[in-house]
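Sharing a structure with you now.
This structure is a prediction, so every number in the text was calculated from the model and none was measured. Each chain gets a letter, A, B and so on, in the order its sequence line appears, and its residues count up from 1.
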Amino acid sequence: MINAIVIGIQVLSALTLIFLILLHSGRGGGLSDMFGGGQLGGSMAGSTVVERNLDRLTVVTAIIFVFASVILALRVA
Amino acid sequence: MLSRLRNMFRAPDLRNKILFTILIIAIYRVGAHLPVPYVDFSAIKDLQNNAEQNGGVVGLLDLFAGGAITNVAIFFLGIMPYITASIIMQLLGVVIPKLEEWRQEGQVGQKKITQWTRYLTIGLAILQSTGFAFALHNGNSALGFSGFEGRDLIPDWSLGVALMIILTWTAGTALVMWLAELITQRGIGNGMSILIFASVVSRLPAQGGALWAEGSRAQFVVILLIGLAMIVGIVFVESGQRRIPVQFAKRVVGRRMYGGQSTYIPLKVNQSGVIPVIFASSILAFPALIASALGNSATGVQEWINGNLVEGQGWFYITFYTLLIIFFSYFYTAIAFNPQQQADIIRKQGGFIPGIRPGPPTERYLAKVLNRITLPGSLFLAVIAITPLLVFALWDINQFPFGGTSLLITVGVALETMKQIDSQLMMRNYEGFLS
């Protein structure tokens, strides 16, 4: 029973996590500035309200996902 | 040196950036150790004991993932899918006109490309984790886990369990991707390279220990010396540049005089950094991954791949690796530095290279110089990446097969990050590391 709940939480949080992360607009710049030629964009951290909330939501989901995985791993072991 | 380190922590926002980066690295390292549900723990323990001997694909992937592979962790795939996706997007950029168009759009187009890279990353993560899940279940030897032929790491195998594991790894990959982006955005340096750096460095002590255990003391010392010499060589070549002088014409605007000064365009000998090495080694990992996904049905193909592409000591592997590195050096330099664009910028700003006409002749000159200095740069990369393979093959040591690649990545990223910190310090008039 508890296993089923944890599995549910885990699957749900994993799906949400992937979705939320894809919602972020990638600021990585891809490979263009990887290992060289990286221009410093200063502190161009996205600070619109939407983005900050998205960040918070992602962090919370990530934490839930990680804990669910670990608990599940311990339970089925 | 020490006072510079102190300065680094004196500027509040720089200090915050560094602390943030360290925090993200810590999270990443923890995630590389958290186990995935339904995987046999005792088998993993055995696997770890053999881990250092794993050359081949798993060794390489494990190097980039910082041990997450042999831990069968949540961050199992690590940053690899993101790198692969980036390579594919870069290669496709030459083929598909739409991508080419986007790239020319500058910032906006770059953003689109990045977004597609992210989608592709998730797709690749699903593919790779499916392959790996089946490989772990079948105890497939194509992966190069030594001593694990026919052993089942996922005993309670069912469709649900498989889906669950695939989902967990995919989400883990997404998380790693986000962590990398967070570093790029709010921390110091480029996220992807910092995470690879952290992974590679985390393997060094274990690899060193294994080397100590297998080789004789004299061999160990010689290898250390070679390593030191390589570090010096890498720093030397990485910071080497050809300076092409540019003279700006004087012009009078109103009562003021502008220009008239001369600067130079720095062309690095190794314009593309360690990217060619990373690209080449991930491309070499493709066939083996495909073979492992095929399962045991295609034995002949699998044997050939195992013999020639997984073991890093065959002549085929070494030749192919060298060629790939040289190819990617040129390829990436062509992407990173566009002579035509550069010539255009110089012309628009009223500058010229002494002795060469502006416009097409300048373009041709820049391209010629670039081509000529890229050759030794790429050869150097290849030599660094190959030397450890050769030395170890001579001495029959199976440890540390990616020593050259590790060193290149470590030193390259360290130099790059140092430069970034330095430029931040410069903004505050502190003396940096490099002055």
Starting at CG of Asp55(A), measure out to CZ of Arg186(B) and round the result to the nearest 0.5 Å.
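Going from CG on Asp55(A) over to CZ on Arg186(B), the span is 5.0 Å.
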
Which atom names give the shortest non-hydrogen contact between Ile7(A) and Met164(B), and what distance separates them?
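Reported closest heavy-atom pair: CG2-SD, 3.9 Å.
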
Can you tell me which portion of Val59(A) sits under 4.5 Å from chain B's heavy atoms? Options are side chain, backbone, both or neither.
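The answer is both parts of Val59(A).
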
Measuring heavy-atom distances to chain A, does Met89(B) have an atom under 4.5 Å in its side chain, in its backbone, in both, or in neither?
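Answer is neither: Met89(B) stays 4.5 Å or more from chain A.
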
Residue part contacting chain A, namely of Thr170(B), when any heavy atom lies under 4.5 Å
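Both parts, backbone and side chain.
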
With a sphere of 6.0 Å drawn around CD1 of Ile5(A), does it hold more than 12 non-hydrogen atoms of other residues, nucleotides or ligands?
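Buried by this count: over 12 neighbours within 6.0 Å.
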
Go through the structure and list residues passing side chain to side chain donor-acceptor pair (under 3.5 Å) with Asp13(B), not counting sequence neighbours.
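Per chain and number, Asp13(B) pairs via side chain to side chain donor-acceptor pair (under 3.5 Å) with Arg428(B).
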
Taking all heavy atoms of Phe65(A) and all of Ala171(B), pick out the closest pair and write down the distance.
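Distance-wise, the nearest heavy atoms are CZ-CB, 3.6 Å.
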
Just jot down the side chain to side chain donor-acceptor pair (under 3.5 Å) partners of Asn16(B), sequence neighbours excluded, or say none.
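Not a single residue meets the side chain to side chain donor-acceptor pair (under 3.5 Å) criterion with Asn16(B).
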
What are the residues of residues 8-18 of chain A, in order of number, with any heavy atom under 4.5 angstrom from a heavy atom of chain B?
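Residues in range: Gln10(A), Val11(A), Ala14(A), Leu15(A), Leu17(A), Ile18(A).
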
Scan for ring-ring contact (aromatic ring centres under 6.0 Å, His included) pairs involving residues 170-191 of chain B, sequence neighbours excluded, and state none if there are none.
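Pairs touching residues 170-191 of chain B that pass the test: His24(A)-Trp178(B).
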
Output the distance between atom CZ (Arg118(B)) and atom CD1 (Ile21(A)), rounded to the nearest 0.5 Å.
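Interatomic distance, Arg118(B) CZ to Ile21(A) CD1, rounded to 0.5 Å: 8.0 Å.
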
For the CH2 atom on Trp116(B), are there more than 12 heavy atoms of other groups (residues, nucleotides or ligands in this structure) within a distance under 6.0 Å?
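Not more than 12 within 6.0 Å, no.
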
Hey, which of Ala174(B), Ala125(B), Gly191(B) has the most heavy atom pairs under 4.5 Å with chain A?
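Looking at each option in turn, the highest pair count goes to Ala174(B).
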
Measuring from Leu34(B):CG to Phe67(A):CZ, what's the distance to the nearest 0.5 Å?
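Leu34(B) CG to Phe67(A) CZ: 9.0 Å, rounded to 0.5 Å.
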
